[in-house]
Each structure stands twice: as C-alpha cells, then as structure tokens.
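By convention in this document, chain letters (A, B, ...) are assigned in the order of the sequence lines, proteins followed by strands, and residues within each chain are numbered from 1. Only heavy atoms go into these numbers, but all of them, side chains included; no hydrogens, no water, no symmetry mates.
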Number of protein chains: 2
Amino acid sequence: MTARRPESEPCTDAAAARPAERTRDADRTRAEILAVATAEFADRGYAGARVNEIAEKLSTTKRMIYYYFGGKEQLYVAVLEQAYGRIRALEQQVDVEHLEPVAAIRELAGLTFDHHEAHPEFIRLVSIENIHRAAHLAGSPALAGLADPAVDVLGAILRRGRDDELFRDDVDALDVHQVISAFCVFRTANRHTFRAIFDRDMLDPATRAHQRKLLGDLVVAHLTAR
Amino acid sequence: MTARRPESEPCTDAAAARPAERTRDADRTRAEILAVATAEFADRGYAGARVNEIAEKLSTTKRMIYYYFGGKEQLYVAVLEQAYGRIRALEQQVDVEHLEPVAAIRELAGLTFDHHEAHPEFIRLVSIENIHRAAHLAGSPALAGLADPAVDVLGAILRRGRDDELFRDDVDALDVHQVISAFCVFRTANRHTFRAIFDRDMLDPATRAHQRKLLGDLVVAHLTAR
DNA sequence: TCGGTAACTCACCACTTGGTACATAAGAGG
DNA sequence: CCTCTTATGTACCAAGTGGTGAGTTACCGA
C-alpha cells in the first residue's frame with residue numbers, strides 16, 4: 001500500500017538502513033510480517049498457525065500485525081494474495097512461441113514442473129486453502145477468477161500443433177493444463193504420505209530428470225496419440 | 001487399533017444395536033466417536049478440529065473420547081488408521097486379471113478414479129496429513145509402509161502388456177500409479193482453488209465421463225507410445 | 001443376588017488463544 | 001521548535017482450548 005521506499009533522500013539514515021538500525025519503516029515492517037506469516041501459515045495451516053508465534057519471530061510486536069492487517073484472517077488473505085501474485089508474475093515470463101509445437105509443450109510442462117518444485121510453500125498454501133474450500137481465495141477480489149496465464153500459452157501451442165497436424169484436434173487446453181498441474185502439484189503436495197507408503201520421495205533430486213521427462217512424455221503421447 | 005469387532009459373540013446387544021436404546025456398548029460408542037471425529041478432522045484439519053465440537057456432536061460426552069482414545073492426537077491417528085484400512089479393503093477387491101492388458105489398464109484407472117471420487121473425506125485427510133508431513137502416518141506401525149495393493153495389480157498388467165508387445169518395456173509400475181493417483185487426487189484435493197481460478201468444477205457430474213476417459217487415454221497413450 | 005469392573009457423567013481446571021486499551025516516540029511539516 | 005500524524009511497545013483480557021478428578025450406573029459372571 002503505502003509505497004515509499006527509502007530511495008528519496010540519500011541522507012545518512014537512508015543509506016544506513018540495511019544493517020540492524022531500528023528506524024521506523026512501515027513497508028519493511030509490513031513485509032517482515034508477511035514473510036514470517038507466510039512461512040508460519042504454510043508450515044502449520046491456518047488454524048495451526050499462532051498469531052503469538054508469528055509475533056515472536058518478528059523483530060516487532062504482535063500489535064503491529066493488528067495495526068497493519070486487522071486480524072489473523074486478513075493477514076492470511078494478504079499472505080495468499082502475495083503468494084499468488086508472485087507466482088503469476090513468474091509465470092508471465094514463460095516464452096515458448098519460438099519453439100515448434102512438440103518442443104514447446106515439453107518446455108511448458110518442464111517449466112511448470114520446475115516452477116512447482118521451486119515453490120513448495122506456495123503448494124502448501126494452496127493445499128491449505130483447499131481444506132478451507134477456497135473460502136478466502138473466492139472472497140478476495142484480487143484473486144478470484146484470475147486465471148493462470150499458462151493456459152493461454154498452452155492454447156496457442158495446441159492450435160499451432162493442430163495446424164501442423166502434429167496434435168489431435170479434440171484436446172482441450174484446460175484439460176491438458178489440469179493434467180500438468182495434477183502431476184506437478186501431487187509431487188509436492190502428497191510427497192510425505194507417498195513416501196511413507198511407497199518409500200519413494202517424489203522430490204528426490206536423483207530421480208528429478210526422470211520425473212520431468214515422464215511428464216513431457218505423458219503429455220506429448222496424449223496429444224500425438226493415434 | 002484394538003481390533004475387536006462384535007462378531008465374536010452373537011448375543012442380544014449386538015443385534016439390537018440399531019435403534020435409540022441407550023444401552024451400554026463400547027464398540028458402538030467407539031465407532032460413533034471415530035465417525036464424528038473423521039468428519040470433523042476431514043472438515044477442519046487437525047488443528048482446526050475442536051475436541052469440544054466433536055463431543056457436542058456425540059450422543060456421549062467428551063470424557064469418552066479421552067476414555068477410549070487418550071487424547072486428540074491419538075484420536076486423529078485412529079481416524080487415519082480406520083480411513084486407510086477401509087480404502088485398502090476396497091482396493092483389494094479390484095479384479096482385472098481376466099481382461100486383456102489395454103482394457104485392464106483402463107479398468108484399473110477407471111476404478112481408481114471412481115474410488116477417489118467416492119471418498120472425498122479420505123482425500124482431505126490425506127491432504128491434511130501431508131500438511132503435517134505425514135508425521136502421524138509415519139509414526140503408526142499399522143500404516144507406514146503398507147503399500148497400496150493397486151501397484152501390484154498394475155505391475156502384473158504391465159508385464160502382460162509387455163509380453164504381448166502392446167506396451168513399452170521401459171515403464172515403471174510405480175510411475176504409472178503415481179500418474180493415476182496424481183490425476184485422481186488432484187481433482188478432489190484441489191477442486192476449490194481450481195474452480196475459483198479457472199471456473200471449472202473438476203467434480204461436476206456433467207464432465208465426469210469425459211474426465212474418466214481422459215485419464216484412461218492418457219495412461220494408455222503413454223504405455224503404447226512409439 | 002450380589003459384587004466388581006467396564007462404561008459412563010459432570011463439573012472443573014490450567015493454560016493458550018486472538019484481540020485490544022492505552023501510553024509513547026519518531027519524524028514530517030510548518 | 002513545536003505539533004500532529006503515523007508507527008510502535010506494554011500490559012492485559014475474555015473466551016475458548018485440550019485435558020482431568022472423582023464420582024455413578026449398568027451389566028456380566030459367579
């Protein structure tokens with residue numbers, strides 16, 4: 001909100017703002033609360049996270065959480081909004097227009113794969129939000145209906161693949177996205193129960209390349225079948 | 001845990017256990033607590049579920065929860081154990097030996113699909129358990145390492161398919177199981193965020209047949225590729 | 001019929017929870 | 001230099017939290 005970075009005045013305290021000088025800075029305090037809260041909510045879920053614990057891990061006090069966010073629930077929504085915002089920003093950088101359809105699909109699936117693997121705390125927040133039936137997500141005007149840009153990219157690739165008669169012409173882009181998401185999300189979201197039962201760590205670096213290829217093979221096989 | 005089903009003695013109370021006669025019955029009380037607790041934990045997560053709430057929805061009192069289970073955490077573990085036990089029992093009834101490989105794979109995938117769709121509260125418990133990094137599952141001797149029988153069935157089908165030169169010979173059974181699970185679990189586990197963002201209800205009955213076929217196509221295409 | 005024990009009830013508690021009233025200090029601006 | 005707003009810290013609370021002490025009743029076996 002209050003966007004004022006300490007870049008305006010190059011006087012002494014502004015430059016010395018990076019060590020442990022306890023100057024007043026609303027943006028820094030807000031950001032710190034969000035960072036700690038994100039870790040805490042992702043780690044323990046909404047109900048499991050404790051405002052007091054978040055406060056203890058802060059260089060400021062609990063009072064500030066209520067000052068800036070109003071309450072536990074609003075803080076959680078702010079965490080969700082920030083997390084989704086960052087992920088969307090990353091996703092919009094995907095560029096596979098220059099590749100031929102099969103390579104483009106493999107690349108898109110691979111990037112999604114990398115992406116999910118690199119942001120486990122985001123996947124956890126999504127799982128947690130699903131436990132709550134997406135009540136907060138649906139209630140946030142900043143988030144509801146904000147479709148993933150990856151689907152548009154996917155649609156364009158499928159069209160090109162169809163035009164080149166490489167892909168089937170009866171495959172829906174959102175279906176393909178669902179398959180890719182399912183595979184990528186599952187690896188992180190169900191990592192622990194899967195390991196406990198099958199003794200396979202789906203995130204083991206040793207099998208990463210294999211899993212990444214598996215996803216590509218799967219999608220390409222489906223698109224090029226028959 | 002304590003596996004004592006009322007099958008041992010066919011005396012009066014075992015048969016008369018159905019109306020609202022407030023007789024004393026340890027098994028019935030235990031079962032009721034487990035049923036209510038299952039619903040409550042699946043609905044709100046471990047931390048979000050309240051022992052007091054569970055007690056209020058019981059025809060007995062909170063004290064009985066502690067009498068039979070010892071505490072909230074042990075109750076949760078008992079809920080997990082019962083839920084996994086029931087799912088495993090169902091899965092062991094799968095019989096696709098008589099089908100030819102491609103049909104068998106389609107059938108197995110389809111049954112898994114049906115299965116997950118029919119037990120959303122189980123999927124929720126699994127999600128919740130993953131949030132806790134499967135700490136309870138791993139700590140339960142009754143559950144840890146108790147591999148899904150579906151994987152063995154899958155392995156047998158793959159072997160037959162390879163022998164008939166219908167399937168590729170470099171596909172791992174657990175990989176295929178992972179793909180099937182991912183697809184089926186995702187539909188339920190991420191239903192709400194997916195709907196909020198893409199406006200698609202993955203569990204909409206109108207698209208059920210399409211989704212079921214999609215999974216079969218996907219797996220078969222992968223196994224028969226090239 | 002008559003214990004003895006398993007099943008059950010009720011009132012209660014120590015502690016944690018999210019949340020807040022109130023005092024205060026740091027700066028920006030005049 | 002003063003003042004007024006914004007940011008921050010301290011102390012505290014009422015409602016709920018998981019958990020229990022201690023007594024009471026139903027029922028089975030002898």
Side-chain angles (χ1 to χ4, degrees), chain A residues 1-9 11-14 16-17 20-34 36-37 40-41 44-79 136, chain B residues 2 4 6 8-17 20-34 36-37 40-41 44-79 136:
Chain A
M1 305 298 151
T2 48
R4 66 181 137 105
R5 291 271 82 202
E7 300 301 283
S8 51
E9 292 185 83
C11 50
T12 52
D13 57 12
E21 298 248 304
R22 291 280 184 76
T23 60
R24 292 192 165 194
D25 188 333
D27 284 336
R28 174 165 37 87
T29 303
R30 245 189 97 94
E32 193 202 355
I33 295 173
L34 269 180
V36 172
E40 210 59 16
F41 280 125
R44 320 207 183 190
Y46 176 74
R50 297 288 127 100
V51 176
N52 287 333
E53 286 256 329
I54 294 171
E56 271 171 32
K57 298 187 176 181
L58 249 29
S59 65
T60 178
T61 65
K62 179 169 62 158
R63 189 66 188 77
M64 288 299 94
I65 294 173
Y66 291 91
Y67 181 70
Y68 284 110
F69 297 94
K72 184 183 184 181
E73 192 164 353
Q74 289 126 292
L75 173 60
Y76 173 74
V77 172
V79 163
H136 312 93
Chain B
T2 47
R4 60 183 143 107
S8 50
E9 293 184 83
C11 51
T12 49
D13 57 15
E21 300 247 303
R22 289 283 186 77
T23 60
R24 293 187 165 200
D25 186 334
D27 284 338
R28 172 162 41 84
T29 303
R30 245 188 97 93
E32 193 201 356
I33 294 173
L34 270 181
V36 172
E40 211 56 19
F41 281 125
R44 319 206 184 192
Y46 176 74
R50 298 289 126 103
V51 177
N52 286 332
E53 286 255 327
I54 293 171
E56 273 171 32
K57 298 187 175 181
L58 248 30
S59 64
T60 177
T61 64
K62 180 170 62 158
R63 194 70 185 75
M64 287 299 94
I65 294 174
Y66 291 91
Y67 181 69
Y68 283 110
F69 297 95
K72 183 183 184 179
E73 191 163 354
Q74 289 125 294
L75 173 60
Y76 173 74
V77 171
V79 163
H136 312 93

Once you round it to whole Å, what is the distance between C1' of dT24(D) and OH of Tyr67(B)? 13 Å
Side chain of Met64(B): nearest nucleotide among dG9(D), dT9(C), dG18(C)? dT9(C)
Selected nucleotide, minimal atom distance to Tyr66(B) side chain, candidates dA7(D), dT20(D), dG18(C): dT20(D)
Length of the line joining Asp25(A):CG and dT8(D):C1', which is rounded to integer Å: 13 Å
Determine whether a donor-acceptor pair (N or O, by modelled atom type, separation under 3.5 Å) exists between the side chain of Lys72(B) and the backbone of Tyr46(B). yes
Which part of the nucleic acid, if any, lies within reach of Ala55(A) when heavy atoms closer than 4.0 Å are counted: base, sugar-phosphate only, or nothing? nothing
Tell me whether the side-chain N or O atoms of Lys62(A) pair up with the base of dG19(C) as donor and acceptor below 3.5 Å, since no angle test is needed here. yes
Using modelled atom types only, decide if a donor and an acceptor are shared between the side chain of Arg63(B) and the backbone of Thr60(B) within a distance under 3.5 Å. no
What integer distance in Å separates Gln74(B):CD from dG18(D):C1'? 12 Å
With a cut-off of less than 4.0 Å, is there a side-chain N or O of Tyr68(A) near OP1 or OP2 of dT6(D)? no
Using the test side-chain hydrogen bond (donor to acceptor under 3.5 Å, both in side chains), find all partners of Glu32(A) that sit at least two apart in sequence or belong to another chain. Ser59(A)
Quick one: is dA7(D) close enough that its OP1 or OP2 comes under 4.0 Å of any side-chain N or O from Thr29(A)? no
Report the C-alpha separation of Asn52(B) and Lys62(B) in whole Å, then their side-chain angles, then the decisive distance to 0.1 Å, and conclude whether the side-chain contact (heavy atoms from CB on, under 4.5 Å) test is met. CA-CA 7 Å; Asn52(B) 286 332; Lys62(B) 180 170 62 158; 3.0 Å; yes
Atom OH of Tyr46(B) to atom C1' of dT17(D): distance rounded to whole Å? 12 Å
For dT8(D) and Thr60(A) - does any side-chain N or O of the residue sit under 4.0 Å from the phosphate oxygens OP1/OP2? no
Protein N or O to nucleotides 22-26 of chain C N or O, pairs below 3.5 Å:
unit_1: dA25(C); atom_1: N3; unit_2: Arg24(A); atom_2: NH2; d: 3.0
unit_1: dA26(C); atom_1: O4'; unit_2: Arg24(A); atom_2: NE; d: 3.1

Distance check needed: dA7(C) C1' versus Glu32(B) CD, whole Å only. 14 Å
What nucleotide among dG9(D), dG18(C), dG18(D) has an atom nearest to a side-chain atom of Asn52(A)? dG18(C)
In sequence, state the C-alpha distance, the side-chain angles, and the governing distance for Glu73(B) and Tyr76(B), and then conclude on side-chain contact (heavy atoms from CB on, under 4.5 Å). CA-CA 5 Å; Glu73(B) 191 163 354; Tyr76(B) 173 74; 5.5 Å; no
Verify side-chain contact (heavy atoms from CB on, under 4.5 Å) between Ile54(A) and Leu75(A), making sure each step is shown before the conclusion. CA-CA 11 Å; Ile54(A) 294 171; Leu75(A) 173 60; 4.2 Å; yes
How far apart are the C-alpha atoms of Val77(B) and Gln74(B), what are their side-chain angles, what is the distance that settles it, and do they pass the side-chain contact (heavy atoms from CB on, under 4.5 Å) test? CA-CA 5 Å; Val77(B) 171; Gln74(B) 289 125 294; 5.5 Å; no
Closest of dT8(D), dG9(D), dG18(C) to the Val51(A) side chain is dG18(C)
Starting at CG of Asp27(B) and ending at P of dA7(C), how long is that distance when rounded to a whole Å? 9 Å
Nearest-Å distance for atom pair CD1/C1', residues Ile33(B) and dA7(C): 11 Å
Do Arg44(A) and Glu53(A) sit within salt-bridge range, that is, some charged N less than 4.0 Å from a carboxylate O? yes
Applying a 4.0 Å non-hydrogen cut-off, can you work out what Ala47(A) is touching in the nucleic acid: base, sugar-phosphate, or nothing? nothing
Can you tell me the distance, in whole Å, between the CZ atom of Arg50(A) and the P atom of dG19(C)? 12 Å
